[in-house]
There are 2 protein chains.
Amino acid sequence: MQSRTSAPRATGGRPRSATADAAILAATRAALVELGWSKLTLGDVATRAGVAKTTLYRRWAGKNELVVDAVAALFDELELPDRGNLAADVEGVVLQFAAILARPEAKSGLMSVVAESIRDDALRDRIRSSIVERQKLLVLEGRARAQQRGELPEDNDPEAAARTADLIFDVIAGAVVHRALVSAEPVDADWTRSFTRLLLNGLTASATT
Amino acid sequence: MQSRTSAPRATGGRPRSATADAAILAATRAALVELGWSKLTLGDVATRAGVAKTTLYRRWAGKNELVVDAVAALFDELELPDRGNLAADVEGVVLQFAAILARPEAKSGLMSVVAESIRDDALRDRIRSSIVERQKLLVLEGRARAQQRGELPEDNDPEAAARTADLIFDVIAGAVVHRALVSAEPVDADWTRSFTRLLLNGLTASATT
DNA sequence: AAGCTTTCGCTACGAGCCGTAGCGTAACTG
DNA sequence: CAGTTACGCTACGGCTCGTAGCGAAAGCTT
């Protein structure tokens, strides 16, 4: 689960303190809330966690990796209860995303690490595996359910199905993130309902109501 | 146009060099391409621009403001030719966004300043007025055209219309940004066509084809 | 032309953070 | 018990930040 610095992990010797790991990640989230990404320093995080700065550097290569792991933990709670129909499931996904994005440590951290990942492929993979893929699973799950219910057509061409799933994911995640972080408006029940209607019925069919 | 540091601008005296302004912004974009946001330093930008570091600080308060202005200039070229119908206009908007986001200086800069804006309201307003509102105008323009053509219903309730416009904007901009910067996949003609069909017809109506 | 005002380039500076090295100590294994 | 690894602590060179102070340059005004 923890995708920290590649663990050489020879046999004997003193084991790494799991307590320290948790303390560091918690301290990182607290620092994100108070200071934001740019003013967050690793020395400060170490002090908050009650840990020596060198200990922190032994486990994480830098600020980017540390924050990714700290933020990724927020996505552990993601799951999608079956609400009986496609529209309700979509609203469920959106509200799940929104609940996480509403937390200040997610706001401060997520965009920053994604920005950094543009010039760092390793970081991008790390984000993908520990955050993005977990979100995408919810979309795939909801889609599979809808197909079982007959609300969406079955996939005949698996490759085209994958492209469609990617498209839907980008639309949902992108819209929620843009609403929450760029427009800085709340992703509440009203907005979620309007968005779901738009996603399911399309622009032409959905009235301005 | 230039939303630089609030200009005291008394009467006489040596005027600020407009050449220096352009050189600094160009140098900032070049540094963004080469170094990315986190490794970009103001001292380096000043050197590239052939300008003293103090000159740079006299005009911009810091890294954030400078990069916003440097990136905002990329959005000057935004405009939306009338392509005759709603679907074609939507594709036009998407491809306009995509063309800008494909440039490395936009990739590196945009996400970073948005991330910083989460903890800086003044920066958020600056981004809104110099970047986001310009994008939104395209959406509003396309929407008005579609209503004139009869492709979309007229607005009866202006407040609801504004909410709908915001929703559409978040969906379009969010999806394109997410595709380009998070999924890191190209926003090409194929994807644009699929996205447009989804946006106009909805999930239920659009086949996986 | 002289005088006033503002900008410019340059140098220098204290401050803060980075990331690492070195050391002695602590914790766990066979 | 010996071997191995993690830990806390201190110290360090290097880099960037943002500002101050200076003399010179570039305009505008009378």
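Both backbone and side-chain heavy atoms feed into the values below; hydrogens, waters and symmetry mates do not. Proteins get letters first, then strands, A, B, ... in listed order; numbering begins at 1 in each. Quantities reported herein were computed from a predicted structural model and do not represent experimental measurements.
- For the pair K63(B) NZ and dT16(D) P, the interatomic distance rounds to 11 Å; values are reported in whole Å.
- Note on D76(B) versus R134(B): salt bridge recorded, some NZ/NE/NH1/NH2 to OD/OE distance being below 4.0 Å.
- Across residues 29-43 of chain A, T41(A), L42(A), G43(A) each have a non-hydrogen atom less than 4.0 Å from an atom of DNA chain C (numbered order).
- In this structure, L56(B) places its CG atom 12 Å from P of dT19(D), rounding to the nearest Å.
- D166(A) pairs by the side-chain contact (heavy atoms from CB on, under 4.5 Å) definition with K136(A), not counting sequence neighbours.
- Sorted by first and then second residue, the pairs that involve residues 95-104 of chain A and meet salt bridge (Lys or Arg N to Asp or Glu O under 4.0 Å), not counting sequence neighbours, are E77(A)-R103(A), R103(A)-E105(A).
- In this entry the distance linking CG of D21(A) with C1' of dA6(D) reads 12 Å, nearest Å.
- Partners of A46(B) according to the side-chain contact (heavy atoms from CB on, under 4.5 Å) rule, which considers only residues two or more places apart in sequence or in another chain, are K53(B), L56(B).
- Put simply, CD on E65(B) is 10 Å from P on dG18(D), counting in whole angstrom units.
- Remark: G50(B), V51(B), A52(B), T54(B) in residues 46-54 of chain B come within less than 4.0 Å of DNA chain C through at least one heavy atom.
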Protein-nucleic acid N or O pairs under 3.5 Å, nucleotides 24-26 of chain D:
| from | atom 1 | to | atom 2 | distance (Å) |
| --- | --- | --- | --- | --- |
| dA25(D) | N3 | R14(B) | NH1 | 3.1 |
| dA26(D) | O4' | R14(B) | NE | 3.4 |

In dot-bracket, 5' to 3', how would DNA chain D read with Watson-Crick or G-U wobble pairs under 3.5 Å, [ ] for crossing ones and | for pairs to another strand? ||||||||||||||||||||||||||||||
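- Judged by distance alone, the side chain of S108(A) and the main-chain N or O of P104(A) form a donor-acceptor pair under 3.5 Å.
- Scored by the side chain to side chain donor-acceptor pair (under 3.5 Å) test, N64(B) finds no partners at all (sequence neighbours excluded).
- Rounded to whole Å, the distance from CH2 on W60(A) to P on dC18(C) is 16 Å.
- Nucleotide dG19(C) holds its P atom 12 Å from the CG atom of L66(A), rounded to whole Å.
- The pair D120(A)-R126(A) does not count as a salt bridge, with every side-chain nitrogen at least 4.0 angstrom from each carboxylate oxygen.
- One N or O donor and one acceptor, one from the side chain of R58(B) and one from the base of dG9(C), sit under 3.5 Å apart.
- Judged as a salt bridge (Lys or Arg N to Asp or Glu O under 4.0 Å), the pairs with a partner in residues 168-192 of chain B (not counting sequence neighbours) are, in order, D190(B)-R193(B).
- In this structure, D155(A) contributes its side chain and D157(A) its backbone to no donor-acceptor pair below 3.5 Å.
- Atom OH of Y57(B) is separated from atom C1' of dC10(C) by 16 Å (rounded to the nearest Å).
- A search for side chain to side chain donor-acceptor pair (under 3.5 Å) contacts involving T196(A) returns nothing, not counting sequence neighbours.
- When atom types are taken as modelled, the side chain of Q135(B) and the backbone of F97(B) share no donor-acceptor pair closer than 3.5 angstrom.
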In residues 29-37 of chain A, what donor-acceptor pairs under 3.5 Å come from side-chain atoms, sequence neighbours left out?
| from | atom 1 | to | atom 2 | distance (Å) |
| --- | --- | --- | --- | --- |
| R29(A) | NH1 | A70(A) | O | 2.8 |
| E34(A) | OE1 | R48(A) | NH2 | 3.1 |
| E34(A) | OE2 | R48(A) | NH1 | 3.3 |

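- Sorted by first then second residue, the side-chain hydrogen bond (donor to acceptor under 3.5 Å, both in side chains) pairs that include residues 81-93 of chain B, not counting sequence neighbours, are D82(B)-R149(B), D89(B)-R145(B), D89(B)-R149(B).
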